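In what follows, every chain begins at residue 1, and chains take the letters A, B, ... in the order their sequences are listed. All values reported here derive from a predicted model rather than from experimental measurement.
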Amino acid sequence: MKISLNINNQKYDCQIEPDETLLNLLRKLGFKSVKKGCDTATCGVCTVLLNENPILSCSYLAVRADGKNITTVEGLGKKADAIIDAIVNEGADQCGFCGPALILTVYALQKELKNPTMEDVNRYLAGNLCRCSGYEGQLRGIKKFLGVK
Amino acid sequence: MNFKTVKHSIPKVDANGLMRGLPAYTDDLTDENALIIKCLRSPHAFAKIRSINTEKALQLNEIECILTHKDVPRIPITRAGQGYPEPSPKDYFILDEFVRYVGDEVAIIAGRSEKSVQKAIKLIEVDFEVFEPVLDFEKAENHPSIIHPEKEIYTMFPMGLDAQKNVACSYTNTMIVGDVNKTLAECDVALNHRYYTHAQQHVAMEPHSSTAYLDYQQRLTIISSTQNPYHTRRIIGEALQKPLRDIRVIKPRIGGGFGGKQQIHNDLFSAIVTLKTGKPSKCIYTRKEVFESTFTRHEMRFDIQLGADKNGNIHALDIQLLSNTGAHGEHALTTFMVAGSKLLPMYNKATALRFEGKVVYTNRCPAGAYRGYGAIQANFAVESAIDELAHKLQMDPVELRLKNSIKEGETSPVFKVMGEGGEGIEQKMESCKLDYCISRGRDLIKWKQKFPFLKIAPNKIRSVGTAIAMQGSGIPLLDMGSAIVKLNDDGFFNLLVGATDIGTGSDTILTQIASEALDVPIDRFVITSSDTDVTPFDVGAYASSTTFVTGNAVRKAAENMKKKIIQTGAKIWQIDEKQITFQNGILKSKDGLKTITLKELSEGLYYSFAEDMEQLIASGSNTSPKSPPPFMAGFVEIELDTETGKIDILDYVAVVDCGTPINPNLAKIQVEGGVLQGIGMAMFEDVKYSKNGRMLTNNMMNYKIPNRCDVKKLTVELAESYDPAGPYGAKSVGEIGIDTPLAAIANAIYNAVGVRIRTLPLTPEKILNGILKNEKR
Amino acid sequence: MKFKNYAKPQNLAEAYQILQNEKNAVILGGNTYLRLNKKTFSTAIDLENLGLNFIKENDENIEIGAYTTLHEIETNAIIKKYFGDFFTKSLKHIVGIQFRNIATIGGSICGKYGFSELITALSVLNCTLVFHQNGVIAFKDFIENSQTKNDILVKIIIPKKCGRLSYKMLRNADSDFPILTVAVNKNSQLNIAIGSCPTVAKLISAKNELENISEFISQNFTFGNDLRATASYRENIASVLLKRALEETL
Ligand SMILES: Cc1cc2nc3c(=O)[nH]c(=O)nc-3n(C[C@H](O)[C@H](O)[C@H](O)COP(=O)(O)OP(=O)(O)OC[C@H]3O[C@@H](n4cnc5c(N)ncnc54)[C@H](O)[C@@H]3O)c2cc1C
């Protein structure tokens, strides 16, 4: 099948299989920031933004992205700087495999939640699993970044 | 001590690229046309392949190669990435006529598309002769089913392998200090309990990944998510009967390891497919394969006898251990021994010590290396028993530990008697702040106000619990690491190390050490790690060795480079070396008359010094007769719902003595990550099987790792400590964090409601059952 | 999950036609659970263009389109206004935001999953379901009798009028499936639903105050064993959670 979608503000015309996932398509197109972690919609490392909302690209079909806007970390560019710094300054990036997905979700969180508490932040990010950091360091950074008391 | 770079929390050197998602991991780097490899896997826990027919599958268009046990070399190997000769039985064949667990490999299929490979898998016809599997490790020894009946398997030195009895190794009559039975009989208080620890899965976010190709010289190149590229190269060479010169292993960035990538899995398959077809190939495991067909933590059973006088002086400790290594014996002996060697020395006042037991085969997912490596299992058993003893003595468990634990300047006979796989080496604790860790942790958790519990609502109790731990820093005189420092024009350095950064930040801390030793700003270094063609030897990322072992190698290499730079100055200026200083990257004569920057020096060395032109390159290698243990005290505060048995972790305090933290942020996060993995194992991570041996928890939906709402707070502090053997006083920190949560939480549950759980995990159901049972009494 | 063809019909009739004409066709919700299915379907039918993504209010009822995502329900002002945090509580543990941004209420209901927390919650609200072919079906009937195979759920109608609500659950890990779920709606009568038994939520309506909670439970509900807990543990905590839920509705 043919679809055409916007990835990071660039138009892509792609030939896809009807049951292909968006994750598969994005990786094929070279967006390696989008990772495959679990195969059961559980781990969150495949997160991308669909019209600014975080979604699991492993469960979202590529064909459904036809005509839509997808953002990966590659597309955030400078908008990712402060979030990346916040996490990296705590050393909480660790193996980095879940990093890009976390950056995107924090970015979405900042847009969606007004004056969140740390509990709101934790809940919003709960779908971004990390096995290295124990989360605490990530949260130290994110707390500073968001200015949460 | 004041350092310029060391003991500073600089960001990881690879942070930016990783966070921006640039291609870095194995699956990001595969050839577009790489053949896709999948395995046909056994549906049976134990069976023999009577016949296998691949004809129909081979007829499919895009299928390039199908390998069965008849098509691969039959060489017994072990997949364990460990020192050589390996302390693990050589009981594995790339493919075998026997399948020994559900998920074991039956055939390797490679094709040009995933769809075709999946189709081919379905078309392979296998006739299995199915045997009764050995699923219960307590019934494995002398079970009528013999898991390894094959003649060829062997061990490289005696370790008690008795395959006819399903025994992978045994260890008796060796680790005995004093007369345990007699001392126990003389104790005022003694106890004898049995504890069970379950298997755990690593669940690194990146699944095991491997890709292979032949370069233009026909050399086999493997890019792999491995924790130990040199062991991988050696084992692949052994299994495929290839000289090591024809193999190159590259470790790119790794998405977490925790021991799970310390053995080889799919590398064997990508290597053999590429050799057979001449084409690039890749084998990226699905999460299900990671769960079912890599490794778990060893399940263990401990019988603990512990005795003390009425003043709380511990005199005797006896550990009888049964360990389950699953279908193969990878890391069977060494995890077993670490259960003793990284625990017994902690209670060094005891005069009678014994540690014995066996490791058995079962038809379950093989067990292997996992952070904590035996020590965590023993920690649950012994640190639970210590609390049980405290209760009997009516003593505060913290006081009991303070009284009996090892102190700075002390030693334990155990260090000499047992090491990892064989005898150990005597060691005195030149740094040990365990007593500080305990008392500091006690203050941080507010033990005195909270012990044993506070009732905060009719059905809510808050309580505290504790456990202490030690680990090692590499394996003495076995682990070896090395480094090369090379000066380039423009005055920057390459730092080449074989050490394997699996996400821990070892590339960063090694660069910090080089920068400190050479006195050159850190941005003047470019580190390259883990490429067997390019970087020098290193055993890899395991046994908490990199900071301590490789760190010292880097320090030596950098110091050697500094000498060479000063020698060069002496040569070009024609003055004595003693008249020259090298500081902050600038070479100066002490009289201040001559100055040259590294940039100028390197330009001269490579372009303009005529006869004096020379490549400056220095190396250093290191192994250590010591393995100074890091220590930790863990304290947990829980809230327990007495009507449901559910517990919440309110705070986990960890105070750690890891010597000098080379990078305090990274050290702290190693502990935080370890603690949370330990909490996961304590509370809900569990590997469960069906009656016929199929793994039920073979995905992340049914095997839960903690998310960020599972624990309310982690509080980690690093103790001020300095170990003279380590680079700038550093010891290890990679494993120690994981050890204490099992017992600390179990102890907190006991302190809350008087329920002692001796079989992990600590589920709400077990807690409630205990409460209901106590009520009946 | 695999499928051979993809269809994005422009109206319900067209979608229904495909479902009838093609053997082995499947409706796509958010594809979060469906994706775990090992089958190969003929055609996957995407409901995106059918206008089923809505939360509307009329005099009596709130109507939620089948294609509305769980996160939309969690954050919707109308829902909050009438049901407080009742829905949020039943949804917030489901995996993560990136999951709830695609999982739909239609898929959550039609899957009839035993662990479904949304089913437990909806069970007590006297709602009705509107299917394209079968028309209006009471929620309870739908859960208990599966007569709607090969039909399309269009919307869920929830009466605005409800009593005091409470939702309680117990799970071990924060994002694990629940071990047990309980919902209570206390109005003139008492609606009690217990789910994750581990079978799907069952609704019992009681007239009066409950005299003996554990008796009520053992008379009306049966529990089973699974990976997460045994039947007897479930039965034990069912009483506890129900007691707490009832206290909350006092
Ligand atoms: C890892 C994981 C963890 C989970 N944890 C929880 C949890 O803790 N609590 C909980 O309650 N749930 C949990 N769930 C279940 C989750 O809520 C469901 O996956 C989700 O609700 C399904 O919604 P969906 O829109 O993706 O449906 P799909 O997966 O797309 O579809 C589900 C089924 O419904 C059918 N269907 C969809 N829409 C319609 C329609 N309009 N008409 C007719 N049939 C339709 C589909 O054909 C399919 O058979 C979990 C799921 C996963 C994968």
- Main-chain N/O of B:E206 paired to A:K35 side chain as donor or acceptor, under 3.5 Å: no
- Counting distance only, does the side-chain N/O of B:R708 pair as donor-acceptor with the main-chain N or O of A:N128 below 3.5 Å? yes
- Task: Would you mind checking which part of A:T42 comes under 4.5 Å of any heavy atom in chain B, side chain (CB onward), backbone (N, CA, C, O), both or neither?
- Result: side chain
- Query: Tell me, side chain or backbone of B:R253 under 4.5 Å from chain A's heavy atoms, or both, or neither?
  - Reply: neither
- Does any heavy atom of chain A fall under 4.5 Å from the side chain of B:L676, the backbone, both, or neither of them? side chain
- Message: Please classify the contact between B:P706 and chain A as side chain, backbone, both or neither, with a heavy-atom cut-off of under 4.5 Å.
- Response: both
- Query: Going from CD1 on B:I705 to SG on A:C38, what distance comes out if it is rounded to the nearest 0.5 angstrom?
  - Reply: 9.5 Å
- Check each atom of A:L129 against the heavy atoms of chain B and say whether the ones under 4.5 Å are side chain, backbone, both or neither. both
- Query: Is the number of heavy atoms from other residues, nucleotides or ligands under 6.0 Å of A:E119 CD greater than 12?
  - Reply: no
- Side chain, backbone, both or neither: which part of A:V45 has an atom under 4.5 Å from a heavy atom of chain B? side chain
- Is B:D27 salt-bridged to A:R27, going by a charged N under 4.0 Å from an acidic O? yes
- Non-hydrogen atoms of chain B under 4.5 Å away: do they reach the side chain of A:I87, the backbone, both or neither? side chain
- Side chain, backbone, both or neither: which part of B:F291 has a heavy atom under 4.5 Å from chain A? neither
- Task: Using non-hydrogen atoms and a 4.5 Å limit, figure out which bit of A:L102 sits close to chain B: side chain, backbone, both or neither.
- Result: side chain
- Looking at B:E672 and A:R140, does any basic side-chain N land under 4.0 Å from a carboxylate oxygen? yes
- Item | Region of B:V203 in contact with chain A, defined by heavy-atom distances below 4.5 Å | both
- Identify whether the distance between the nearest side-chain nitrogen and carboxylate oxygen of B:K668 and A:E136 falls below 4.0 Å. no
- Pick one of side chain, backbone, both or neither for B:I254, based on which atoms fall under 4.5 Å of a heavy atom in chain A. backbone
- Query: Under a 4.5 Å heavy-atom cut-off, does chain B meet the side chain of A:D81, its backbone, both or neither?
  - Reply: both
- Indicate yes or no: does A:D39 engage B:R287 in a salt bridge with an N to O separation below 4.0 Å. no
- Message: Does any backbone or side-chain atom of B:I502 lie under 4.5 Å from a heavy atom of chain A? Answer side chain, backbone, both or neither.
- Response: backbone
- Message: Give me the atom names and distance for the closest heavy-atom approach of B:C709 to A:A126.
- Response: SG-CB, 4.0 Å
